[in-house]
Amino acid sequence: MSDAKALAWSTVRHRKWCAVVLSSAAFAGCSGDNGGPAHELCEQPSEWKSELEIEQPQDLDDDPNVLEVEIEAAVREVEILEGVLTEMWTYNGSVPGPLLRANRGDRLIVHFTNHLPEPTTVHWHGLRVPSSMDGTEAVQNPVLPGESFTYDFQLLDAGTFWYHPHMNSGAQVGYGLYGPLIVDDPDDPLSHEDVVVVLSDVSLDADGQLSPGDQSGWFGDYFGRQGNVLLVNGKVEPTLRIRPSLSQRWRLINAARSRFFGLAVPGGEMIQIASDAGLSDRPLSLERLVLHPSERAELVVTVEESDSTQTTVAFQDVDRFETGRQEPDRNLFHLELDVACPERSESPPEQLASFAPLDLNDLFVRRIVLGETPSGDLAINGVVFPGSADDPAHVGYVGDTEIWEIVNETPNHHPFHLHGFLFQVLDVGGVQWPVRQWKDTLNVPPEQTARFIVSYDDRPGAWMFHCHILGHAKLGMMSVLDIREHDTD
Ligand code: C2O
Ligand code: CU
């Protein structure tokens, strides 16, 4: 539909539309009770997210509650820079890999085949899968070149997730192996249309080809490799169309190896409604979002009406090394402003999700110390992964609730990620976390301590935890949590 047409929708037509959508209780703009004129219907601009579209693979299963797909990892030529073909490592030939999207409660079956020149696995970041499906070297054999593995599990939580390799992951993720996985909540209280935004970067040389994943050796690992080219859904500075006053829901994923994404929308309002794994208890207004490696955020973004027809979402440097300096802002993606909607979208409700009250009394406190060794390795509780057989194991029990206290004794930030279980952050550096929300990654700033609370539901097995600056994991800041049944002691 043309823009003019969309705006010219008559009240009559609007009422008809409302009659349809009200039955699904999905459209907050249709006022029913007071009988007064409802909000003017206004739609997203045509093709509003065509430049950010990520392909969805064919569903091989007729059952509407099963998403069954094939994913092949292979080296393929992809156009990242205009007119240049770059040999990237891809899932199904594209960067990012295909968008997997299903409902909470659905079953996901992925027939995965490795055509890469080296072994790999697929890890489902943030999903509460059975441990045998977690895709780490702790629970499965590497999928060798030419071999296949089928991942098969239920999607227990709604939210914005992603998948990536868990072998040689700094190199493999940096070469392009990552993809989004969205789990929709059939009872989602928000009706804004959404767009998936996968943020990353890639290191390209003068010929537009991938720089080696181990470039600069130890320094690269320790300081965290940042690609010179910023990518939004695999593209350089793509354009998203938006109408002033009409909110969009952005599902952001930081799939970069090391880069912290600071992000601002000039002339726009950002309200964070969700973090890693589903809606927060309440919305939070942001001036600037900082997304650490592997974190997600869902934002309701509303641009104000103005004279301009274009604005640019800026990448703002986060001073990762606390040098006191900041790189200048860079363009991340552009917003083309369409004709404004006559009425502003409703704000997200004051309560988004409910959380059971927390009882912190008498909980076991697991102390995790992030440290450095004199030889320049990184360690967890003094152990450089994989450590030796004599090192004490991290053991927990099904049904238990614990507090994790992450003590960062290093001069660097570490975005800490726990596999398999979602946690709620209590505080960072003694400052209470502003909202209740489910997370799987939490940045622990230099020389600070962060605390979260986690419960182990009935999924025993080996679960990795590590820093998600992937070079740091490689230097040893990684370990395994062994979750056991209480009676198997
Ligand atoms: Cu995205 Cu071991 O993690
Ligand atoms: Cu780290």
Side-chain angles (χ1 to χ4, degrees), residues 91 96-97 120-129 131 133-140 159-174 177-181 198-200 218-226 253-260 276-277 291-296 318 320-322 368-373 376-380 384-386 394 406-423 439-448 450 461-481:
Y91 291 127
T120 191
T121 56
V122 186
H123 166 56
W124 310 94
H125 184 116
L127 289 146
R128 293 189 299 133
V129 298
S131 90
M133 293 289 132
D134 197 42
T136 68
E137 51 273 52
V139 298
Q140 81 167 96
T160 300
F161 303 97
W162 64 298
Y163 56 95
H164 64 79
H166 223 278
M167 293 197 63
N168 192 18
S169 56
Q172 294 192 3
V173 171
L177 291 173
Y178 52 83
L181 195 169
V198 185
L199 304 174
S200 189
W218 178 87
F219 285 94
D221 287 325
Y222 185 86
F223 292 103
R225 292 179 187 85
Q226 299 198 141
I253 302 169
N254 182 351
R257 295 162 285 180
S258 319
R259 184 179 292 276
F260 291 14
D276 296 337
L291 211 54
H292 304 94
S294 88
E295 272 187 318
R296 286 86 69 206
V318 179
R320 279 207 289 135
F321 303 106
E322 320 249 313
I368 299 290
V369 180
L370 309 179
E372 292 184 7
T373 69
D377 286 322
L378 298 176
I380 289 180
V384 177
F385 188 80
H394 303 274
I406 321 288
V407 183
N408 181 356
E409 291 186 342
T410 78
N412 297 307
H413 291 260
H414 298 293
F416 182 88
H417 169 50
L418 171 64
H419 283 222
F421 302 94
L422 300 171
F423 54 75
K439 286 185 65 60
D440 55 61
T441 304
L442 173 65
N443 185 56
V444 190
E447 275 129 32
Q448 289 192 21
W463 303 98
M464 303 200 81
F465 58 93
H466 57 91
C467 177
H468 221 286
I469 293 176
L470 296 172
H472 289 184
K474 183 173 159 197
L475 289 178
M477 196 173 276
M478 178 141 85
S479 193
V480 179
L481 172 70

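Both ligands and their constituent atoms are indexed starting at 1 by order of listing.
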Participant: Please confirm if an N, O or S atom belonging to H166, backbone or side chain, lies less than 2.8 Å from atom 2 (Cu) of ligand 1.
Facilitator: yes
Participant: For atom 1 (Cu) of ligand 1, find the closest N/O/S atom on H125 and give its atom name.
Facilitator: ND1
Participant: Only to 10 degrees, please: what angle do the NE2 atom of H468 and the NE2 atom of H164 make about atom 1 (Cu) of ligand 1?
Facilitator: 110°
Participant: Determine, stepwise, if the pair I253 / R296 fulfils side-chain contact (heavy atoms from CB on, under 4.5 Å).
Facilitator: CA-CA 5 Å; I253 302 169; R296 286 86 69 206; 3.6 Å; yes
Participant: Taking the Cu ion (ligand 2) as the reference point, name the nearest N/O/S atom of H472.
Facilitator: ND1
Participant: Do you know which N/O/S atom name in H414 is closest to the Cu ion (ligand 2)?
Facilitator: ND1
Participant: Applying ring-ring contact (aromatic ring centres under 6.0 Å, His included), run through H125 and H164 and close with a yes or a no.
Facilitator: CA-CA 7 Å; H125 184 116; H164 64 79; 5.8 Å; yes
Participant: Taking atom types as modelled and ignoring hydrogens, do the side chains of T121 and Q140 form a donor-acceptor contact shorter than 3.5 angstrom?
Facilitator: no
Participant: Would you say the side chains of H394 and S479 form a donor-acceptor pair under 3.5 Å?
Facilitator: yes
Participant: Is there an N/O/S atom in C467 at a distance below 2.8 Å from the Cu ion (ligand 2)?
Facilitator: yes
Participant: Counting backbone and side chain alike, does H413 bring an N/O/S atom below 2.8 Å of the Cu ion (ligand 2)?
Facilitator: no
Participant: For ring-ring contact (aromatic ring centres under 6.0 Å, His included), just list the numbers for H417 and W162, CA-CA rounded to whole Å, side-chain angles, deciding distance to a tenth of an Å, and then say yes or no.
Facilitator: CA-CA 13 Å; H417 169 50; W162 64 298; 8.7 Å; no
Participant: Examine H472 together with H466 and report whether their ring centres are nearer than 6.0 Å.
Facilitator: no
Participant: Indicate whether any N or O donor in one side chain lies under 3.5 Å from an N or O acceptor in the other, for H413 and E322.
Facilitator: yes
Participant: Write the atom name of the N, O or S atom in H419 that is nearest atom 2 (Cu) of ligand 1.
Facilitator: NE2
Participant: Suppose we only allow N, O or S atoms; which atom of H466 ends up nearest to atom 2 (Cu) of ligand 1?
Facilitator: NE2
